[in-house]
There are 2 protein chains.
Amino acid sequence: MPYQDEGFGCPAEVGLHMISGKWKPRILYELFQETRRFGELRRRIPEVSRHVLTLQLRELEDDGIVKRTVFHELPPKVEYSITEFGRQFEAVLEQMVILGQQYIGSQQDSKGK
Amino acid sequence: MPYQDEGFGCPAEVGLHMISGKWKPRILYELFQETRRFGELRRRIPEVSRHVLTLQLRELEDDGIVKRTVFHELPPKVEYSITEFGRQFEAVLEQMVILGQQYIGSQQDSKGK
DNA sequence: CAGTATCCCAGTCGATACTG
DNA sequence: CAGTATCGACTGGGATACTG
């Protein structure tokens with residue numbers, strides 16, 4: 001009887017959807033450590049373009065996972081931090097890292113024969 | 001220093017990728033309960049087409065999460081079961097359900113004003 | 001019963017250029 | 001510094017029809 005919310009087939013999808021974005025896990029990894037400025041994120045994740053980084057951050061913000069703080073100074077300064085809600089994703093993502101590494105390990109075993 | 005495996009920005013993506021598919025959480029929810037035949041899955045998840053169900057099951061199989069057993073009878077019979085590796089995703093997905101429901105709850109609160 | 005083969009569309013992501 | 005605007009490529013998934 002759960003498993004029927006809006007356009008989603010099951011509630012797990014809702015949670016999954018919030019962190020599904022090519023750079024979201026990587027961004028969250030940074031923000032779990034500490035609050036970062038936009039430019040810092042760019043330097044730490046050089047592979048992502050400004051455009052896409054902005055998009056992913058906006059989605060995370062809209063979903064209540066990340067908080068965006070604008071300082072009206074010159075030059076402009078914007079800080080991104082993890083919210084209390086967002087912090088709850090830390091454990092799941094860590095578990096995902098473990099499962100991902102197990103998978104990678106098993107792939108390499110079967111290759112090395 | 002982890003965070004640099006193959007085409008993935010971070011190892012969590014590898015784990016995430018394995019269960020990212022529109023119907024995978026829903027399929028896994030079924031298989032966590034017990035082994036199911038293809039037709040059973042179709043009846044229990046009527047929204048997904050045969051085509052896509054097949055695709056998602058194949059991907060889960062390729063990633064070692066699901067085991068496919070073919071019985072060479074007439075009429076044909078195919079059973080899908082969760083592997084030991086796949087079983088490890090149960091806890092994370094349950095956590096995702098909780099987070100998804102929290103999100104849904106908070107959205108409805110802010111709507112109801 | 002349990003698939004495969006085709007075709008197509010919508011959403012993501014990347015590259016590039018411009019701006020308060 | 002931290003964005004926005006625009007365009008184009010790729011891909012995951014849906015609809016439909018056919019098959020061992």
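Treat the numbers as computed from the prediction; the structure is a model and nothing was measured. Convention: sequence-line order gives letters A, B, ...; per-chain numbering from 1.
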(request) Have a look at L16(A) and tell me which of I19(B), V97(B), L99(B), V92(B) forms a side-chain contact (heavy atoms from CB on, under 4.5 Å) with it. (result) I19(B)
Nearest whole Å is fine: how far is [N] [atom2] from [X] [atom1]?
X	N	atom1	atom2	value
L55(A)	dC7(D)	CG	C1'	14 Å
R50(B)	dG13(D)	CZ	P	19 Å
L53(A)	dA5(D)	CG	P	17 Å

What does [X] touch in the nucleic acid at a heavy-atom separation under 4.0 angstrom: a base, only the sugar-phosphate, or nothing?
X	result
E59(A)	nothing
R42(A)	nothing
F71(B)	nothing

(request) Check the pair F38(A), K77(A) against side chain to side chain contact (heavy atoms under 4.5 Å, CB included), reporting the backbone distance first and the verdict last. (result) CA-CA 8 Å; F38(A) 186 79; K77(A) 172 176 162 185; over 6 Å; no
(message) Using modelled atom types and a 3.5 Å cut-off, is there a donor and acceptor pairing between side-chain atoms of R26(B) and backbone atoms of R44(B)?
(response) yes
(message) Using a 3.5 Å distance criterion without hydrogens, assess whether the side chain of E40(A) forms a donor-acceptor pair with backbone atoms of R37(A).
(response)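 Checking the backbone N and O of R37(A) against the side chain of E40(A), a donor-acceptor pair under 3.5 Å is found.
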(message) Dot-bracket for DNA chain C, please. Rules: Watson-Crick or G-U, both distances under 3.5 Å, ( ) within the strand, [ ] when a pair crosses earlier ones, | for another strand, . otherwise.
(response) ||||||||||||||||||||
(request) Identify whether the distance between the nearest side-chain nitrogen and carboxylate oxygen of R87(B) and E90(B) falls below 4.0 Å. (result)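 Salt bridge present between R87(B) and E90(B).
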Do any side-chain atoms of residues 56-72 of chain A form donor-acceptor pairs under 3.5 angstrom with protein atoms, and if so which ones, sequence neighbours left out?
residue	atom	partner	partner atom	Å
Q56(A)	OE1	W23(A)	N	3.1
Q56(A)	OE1	K24(A)	N	3.3
R58(A)	NH1	Y80(A)	OH	3.4
E59(A)	OE1	K24(A)	NZ	2.7
D63(A)	OD1	Y103(B)	OH	3.3
R68(A)	NE	Y80(A)	OH	3.3

(message) Checking side-chain polar atoms at under 3.5 Å, does Q88(A) have a donor or acceptor matched by the opposite partner on Q95(B)?
(response) no
(request) Compare every heavy atom of I45(A) with every heavy atom of V48(A), then report the nearest pair and how far apart it is. (result) CG1-O, 3.1 Å
(message) Reading DNA chain D from 5' onward, which residue's closest nucleotide shows up sooner: R58(A) or H51(A)?
(response)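 Residue closer to the 5' terminus by nearest nucleotide: R58(A).
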(request) Please list, in 5' to 3' order, the outermost nucleotides of DNA chain C lying under 4.0 Å from any heavy atom of chain A. (result)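 The contact span of chain A on DNA chain C goes from dC13(C) to dG20(C).
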